[in-house]
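Reviewing the structure listed below.
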Amino acid sequence: MATPDDAPDFEQYRDSLGHDRPDESPELAADLRDAVDGEVRFDEYTQVLYATDGSVYQARPAGVVFPRNAADVQAAVRVATDHDAPVLPRGAGSSLAGQAVGPGCVVLDCSRHMDAIRDVDPNARRAVVEPGVVQDDLDDHLAQWGLKFAPDPASSNRATVGGGIGNNSTGAHSVRYGITDAYVAGLDVVLADGSLISTREVVLDSAEWDDIVGRDDREAELYRTVRALVEDNHEEIDRRYPELKRSVSGYNLQKVVYEREDGERCIDLSKLFVGAEGTLGVVVAATLDLVTRPEETALAVYCYDDLLDALEAVPEALELAPSAVELMDDEVVRLASESTEYAAYAEPIPADAAAVLMVEFDSELHDDFADAVSGANAQLLDDGPAFDALTAYDPDEQAKLWKLRKAAIPLLMSMEGDPKPYPFIEDASVPPDELADYAREFRAILDDHGTSAAFFAHAGSGTLHIRPVLNLKEEAGVETMHAIAEDVTSLVLEHRGAFSGEHGDGLARTEFNPKLYGPELWSAFKELKSAFDPDWRLNPGKVVFRDDADGPTDMREHLRYGPEYSSLEPGTVQDFSDEGGFSHLVELCNGCGTCRQTDSETMCPSYRGMQDEMTTTRGRANLLRAAIGGDLPADELFTERFQREVLDLCLGCKGCASDCPTGVDLAKLKAEVKHEHHRRNGAGLRERAFANADRLAALGSALAPVSNWLATLPGSDRLGERFGVASSRDLPPFRRETLTDWFDARGPRVPASEADERVLLFPDTYTNYSYPGPGKAAVRVLEAAGVHVRVPDDLAPSGRAAYSEGFLDLARERAEANVAALAPRVADGWSVVFVEPSDAAVFQDEYRDLLSGAAVERVADAAFGVCEFLDRKRLDDGLAFGNTDESLAYHGHCNQKALGRDHHAVGVLRCAGYAVDPLDSGCCGMAGSFGYRVENDDLSRAIGRILFEKVGESDAATVVAPGASCRTQLAERDGGGRPPTPIEKVATALEEPAETDGD
């Protein structure tokens with residue numbers, strides 16, 4: 001999904017990335033720049049960014065082209081041919097078998113510009129799209145006509161349609177709909193010589209057929225070759241290809257020539273390009289068949305004591321006309337329950353369930369859900385081995401369970417230590433009635449090789465995702481991987497299954513295609529490849545390989561973590577022991593690409609604004625890993641260009657800490673690297689000023705109103721620009737009377753002797769010196785709830801600003817001072833409460849990384865956001881509120897979301913009588929000092945516009961936000977003004993007369 005129409009154009013910035021580093025292949029890069037309109041990057045950073053995908057593999061490309069259209073693709077292919085360079089088309093890079101990486105390739109990233117939905121014909125149920133469109137974006141667009149694209153891979157919120165065509169993707173609903181090749185009606189494809197063909201269904205021996213094959217051109221030759229290959233090998237095709245809903249290994253020779261229902265024999269080359277992984281041509285447009293979207297669904301979840309019992313039940317479940325039958329084992333549920341992001345979704349699953357079977361029904365197949373679920377219960381629960389059943393009719397409840405299921409793959413990769421459950425034989429498919437036997441025999445293979453695995457599955461289609469736990473950093477682990485793959489290939493053949501039912505061949509499975517298909521079809525595959533790509537230049541080594549000096553594809557080569565891999569473990573200021581060390585936290589990134597999603601999730605705001613791989617959590621983690629792993633010079637981490645291009649556009653929102661399924665906390669990593677950079681190279685005046693914003697605010701308050709007047713003088717904005725502060729941003733105003741001054745003069749209104757709770761309200765920088773209104777409202781609400789409140793004036797700044805700027809010594813110094821001051825009071829029963837969420841978060845989270853010992857743990861445990869405190873202590877239940885019919889759109893703070901504490905404000909506001917619409921929004925784009933930096937101004941505003949759209953989509957009358965930065969950004973929304981905080985709205989709703997003034 002593109003950025004808003006009025007968003008700034010970042011292409012000039014993006015095109016400048018890497019210009020201070022030389023091209024690794026300068027002549028090739030120069031010729032490509034001359035030939036295409038899109039960006040061309042051949043610098044070392046870009047090579048690292050595109051060296052990996054969601055698999056276990058890594059191979060540096062020559063560089064990347066971002067084509068704008070089919071003409072760019074044609075030109076790039078021709079230039080690559082002139083330079084004898086291989087070509088690799090790529091979407092989101094979420095592939096799990098290594099098909100989106102290749103050594104020395106010219107990568108064509110079609111996800112940036114070629115993402116248009118060209119046409120939709122709702123009557124014909126067809127759409128024409130470009131390959132870079134994200135599938136969820138397509139489905140969102142189609143929803144207005146009640147339509148959708150049927151295949152639904154778990155990665156649909158970032159996976160592109162072109163990538164799905166390359167993989168022949170599918171998803172949980174393949175039981176109902178099948179796989180991608182059934183929904184591709186035509187393709188525009190650039191061939192290896194740069195020519196463009198359009199594929200569609202052609203009736204054999206018709207006038208159209210005669211016209212095509214009567215020409216003397218490449219297209220005619222391809223049609224003749226394909227027909228001959230199919231007809232010459234029809235017996236072997238019938239014998240070798242499994243009869244399954246899912247079979248995506250090899251080339252689709254079994255589908256390219258077929259007989260229609262009317263008896264006509266047809267050929268459709270589209271079927272060959274689907275699943276070919278870009279080895280036969282580059283798809284530049286696709287005509288898709290669509291399906292109607294069921295109006296309603298119901299979900300029943302069955303719990304089993306034993307995994308094999310759940311698998312034995314699959315054939316029975318398929319008799320119930322389900323739209324999906326999915327399985328998860330207890331390992332997946334356990335990992336989810338330990339994850340900040342997914343714990344709530346795993347909560348309904350009984351702790352003693354060894355496996356759960358999810359059975360979905362839709363309204364196009366069932367008129368009565370209650371009857372459908374009752375019948376399922378009778379068969380699977382009452383008369384079957386399931387011991388419990390959960391039902392979900394509400395779409396939100398179903399979505400939570402589906403989110404749990406879709407998170408299985410990346411969750412498994414969050415396992416601590418070097419042994420990981422790696423994908424290499426994880427999507428083999430067998431007939432569903434053989435699943436239990438297959439799993440039993442698979443377990444025996446695992447036992448023989450001394451390892452274990454997690455099981456989850458598209459059980460209804462016979463696809464078991466099984467990931468053996470191995471350490472690929474050791475030679476023994478790599479060889480065990482290969483031996484398991486050999487054994488499982490044999491097992492799949494015994495069950496007449498497919499080695500890949502979903503994720504394709506890539507570098508992981510291509511090696512075994514000769515074994516699976518036999519010598520005759522393997523020879524046919526090679527002949528087919530040579531016909532479409534005579535020089536074998538398109539994504540070489542995938543699906544098929546040459547038996548010459550280049551050697552066969554070997555799944556043990558090009559591993560991201562092979563026996564040769566080693567990484568540096570730098571000394572750190574923060575404690576990384578919970579993550580297994582700095583390097584292990586970096587290596588947690590498995591490349592799944594969740595950070596590329598542009599839907600409602602929290603991360604990654606800079607990617608949402610700029611749509612560049614460099615700005616994803618994955619991109620930054622890849623570059624950090626390259627530096628500590630030796631693919632980049634070790635000191636590269638601390639260069640100015642690394643800071644500028646890799647780290648400085650990270651907003652520190654910590655969305656990755658919660659939304660990344662493996663928990664890659666880039667904000668923590670960034671702070672550590674920034675600290676070392678400052679130590680080695682010194683820090684600029686602006687960085688030091690931002691790190692000490694609290695001291696500057698105190699000075700500004702002491703000099704108010706003169707300090708406010710100075711900021712309005714002519715030329716002050718130009719002075720700010722020279723200092724690196726965006727002139728378009730208004731600096732916070734300063735109040736002469738601080739919050740602490742106000743409270744000292746006012747004093748507490750609830751005596752300590754009459755209160756059950758005692759609170760120290762932390763005077764954060766924004767609230768104390770610039771916007772005291774929310775602090776005064778917090779005092780009033782807390783006292784109305786019977787709390788004894790103090791606003792201490794003997795505390796240090798929280799250290800949030802220093803931490804965010806990478807001044808960890810200063811942040812730790814302030815943490816030590818605050819813990820020393822507060823620990824005795826906390827031990828005496830006081831709680832520490834915050835108006836500003838970012839200050840609350842630094843106490844709750846970063847203090848534990850900066851300090852150790854019982855004192856910091858006690859203080860962190862006693863730290864609460866003000867609404868969190870009211871909600872956790874149930875104090876809002878005792879407040880007396882007047883009548884209010886106002887509706888509020890609530891934008892939560894990203895730091896609170898990362899810590900799972902964002903929901904409390906919504907609960908308190910609803911208790912106060914407001915109708916609350918919690919916005920599904922991410923970081924506001926201001927992020928403390930980020931939005932004030934002159935170089936970040938456009939990006940900050942682009943991210944802000946995404947938030948403004950969320951606010952505009954809400955029916956609520958008023959938007960509220962707890963964070964000062966968020967309110968600063970929202971104040972620039974047309975007609976918005978600076979929004980109130982939740983605690984101010986709670987204070988307004990109290991029955992007693994208002995005492996406080998506003999900001």
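Excluded from the calculations below are hydrogen atoms, water molecules and symmetry mates; all remaining heavy atoms, backbone and side chain alike, are included.
Annotation: side chain to side chain contact (heavy atoms under 4.5 Å, CB included) contacts of S55 (sequence neighbours excluded): D53, Y57. Listed by chain and residue number, nothing satisfies the side chain to side chain contact (heavy atoms under 4.5 Å, CB included) test with D448 (two or more places apart in sequence, or in another chain). Partners of Q254 by side-chain hydrogen bond (donor to acceptor under 3.5 Å, both in side chains), not counting sequence neighbours: none found. Residues passing the salt bridge (Lys or Arg N to Asp or Glu O under 4.0 Å) test with D665, sequence neighbours excluded: K654. Residues meeting the side chain to side chain contact (heavy atoms under 4.5 Å, CB included) test with D433, sequence neighbours left out: P315, P431. With sequence neighbours left out, the side-chain hydrogen bond (donor to acceptor under 3.5 Å, both in side chains) criterion links E338 to R334. Partners of N252 according to the side-chain hydrogen bond (donor to acceptor under 3.5 Å, both in side chains) rule, which considers only residues two or more places apart in sequence or in another chain, do not exist here. Applying the side-chain hydrogen bond (donor to acceptor under 3.5 Å, both in side chains) rule to Y304 yields no partners; only residues at least two apart in sequence or on another chain are considered.
Nearest heavy-atom pair, S156 versus D136, reported as atom, atom and distance to 0.1 Å: OG-OD1, 2.9 Å. Nearest heavy atoms, V359 versus A317: CG2-CB, 4.3 Å. T463 and S429 get closest at one heavy-atom pair: OG1-OG, 2.6 Å. In this structure, G178 and T170 approach most closely via the heavy-atom pair O-OG1, 3.0 Å. S954 and L919 make their closest contact through CB-CD2, 3.9 Å (heavy atoms, listed as atom of the first residue, atom of the second, distance). Residues F149 and T180 come closest through the heavy atom pair CZ-CG2, 4.2 Å.
Contacts classified as side-chain hydrogen bond (donor to acceptor under 3.5 Å, both in side chains) and involving residues 378-395 (residues at least two apart or in different chains) are given here: E319-Q379. Listed by first and then second residue, the salt bridge (Lys or Arg N to Asp or Glu O under 4.0 Å) pairs involving residues 288-304 are R126-D289 (not counting sequence neighbours). Sorted by first and then second residue, the salt bridge (Lys or Arg N to Asp or Glu O under 4.0 Å) pairs involving residues 900-913 (not counting sequence neighbours) are E868-R901.
Using a 4.5 Å heavy-atom threshold, the side chains of Q896 and L899 count as separate. Two residues are said to be in side-chain contact when any heavy atoms from C-beta on lie closer than 4.5 Å; I179 and K245 fail this criterion. Side-chain atoms of Y890 and P982, non-hydrogen and from C-beta on, do get closer than 4.5 Å to each other. V356 has its side chain out of reach of Y302: every pair of non-hydrogen atoms, C-beta onward, lies at least 4.5 Å apart. Counting heavy atoms from C-beta outward, D487 and L491 have side chains that stay 4.5 Å or more apart. Looking at S95 and N167, their side chains come closer than 4.5 Å, going by heavy atoms from C-beta outward. Proximity of Y438 to L464: side-chain heavy atoms (C-beta onward) are separated by under 4.5 Å at one or more points. Contact check for S247 versus F499: no side-chain heavy atoms found under the 4.5 Å cut-off.
In this structure, CZ on R596 lies 5.5 Å from CZ on R618, to the nearest 0.5 angstrom. Atoms CE and SG, from M603 and C595 in turn, are 5.0 Å apart once rounded to the nearest 0.5 Å. Interatomic distance, F442 CZ to D437 CG, rounded to the nearest 0.5 Å: 14.5 Å. H903 contributes atom NE2, which lies 6.0 Å from atom CG of D871 (distance to the nearest 0.5 angstrom). Taking CG from L390 and CG from L401, the interatomic distance works out to 7.5 Å, rounded to the nearest 0.5 Å. Rounding to the nearest 0.5 angstrom, the gap separating the OG atom in S337 from the CD atom in E347 is 10.0 Å.
Here the side chain of T297 pairs no donor or acceptor atom with the backbone of D362 at under 3.5 angstrom. With hydrogens and angles disregarded, no donor-acceptor distance shorter than 3.5 Å links the side chain of D876 to the backbone of A912. Counting only distance, with no hydrogens or angles, the side chain of R246 and the backbone of G171 share a donor-acceptor pair below 3.5 Å. Q844 contributes no side-chain N or O that, together with a main-chain N or O of D861, makes up a donor-acceptor pair within less than 3.5 Å. H366 contributes a side-chain N or O that, together with a main-chain N or O of A321, makes up a donor-acceptor pair within less than 3.5 Å. Checked by atom type and distance alone, the side chain of H449 never pairs as donor or acceptor with a backbone atom of T451 at under 3.5 Å.
In this structure, F456 and H465 have tilted ring planes: the angle between them lies in the 30° to 60° band. Below 30°, between 30° and 60°, or above 60°: for W145 and H141 the angle between ring planes is above 60°, a perpendicular geometry.
The existence of a salt bridge linking D427 and R509 is confirmed by a sub-4.0 Å separation between a basic side-chain nitrogen and an acidic carboxylate oxygen.
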(message) Using the rule given for side chain to side chain contact (heavy atoms under 4.5 Å, CB included), can you reason through Q135 versus V129, listing the C-alpha separation, both sets of side-chain angles and the distance that settles it, and then say yes or no?
(response) CA-CA 10 Å; Q135 181 162 331; V129 304; over 6 Å; no
Only distances under 3.5 Å count here; give the side-chain donor-acceptor pairs of residues 322-329 to other protein atoms, sequence neighbours excluded, each with its distance to 0.1 Å.
| unit_1 | atom_1 | unit_2 | atom_2 | d |
| --- | --- | --- | --- | --- |
| S323 | OG | E360 | O | 3.3 |
| S323 | OG | E360 | OE1 | 2.5 |
| E326 | OE1 | R405 | NE | 2.9 |
| E326 | OE1 | R405 | NH2 | 3.1 |
| E326 | OE1 | H458 | ND1 | 2.8 |
| E326 | OE2 | H458 | ND1 | 2.9 |
| D329 | OD1 | E331 | N | 3.1 |
| D329 | OD1 | V332 | N | 3.2 |
| D329 | OD2 | F455 | N | 2.8 |

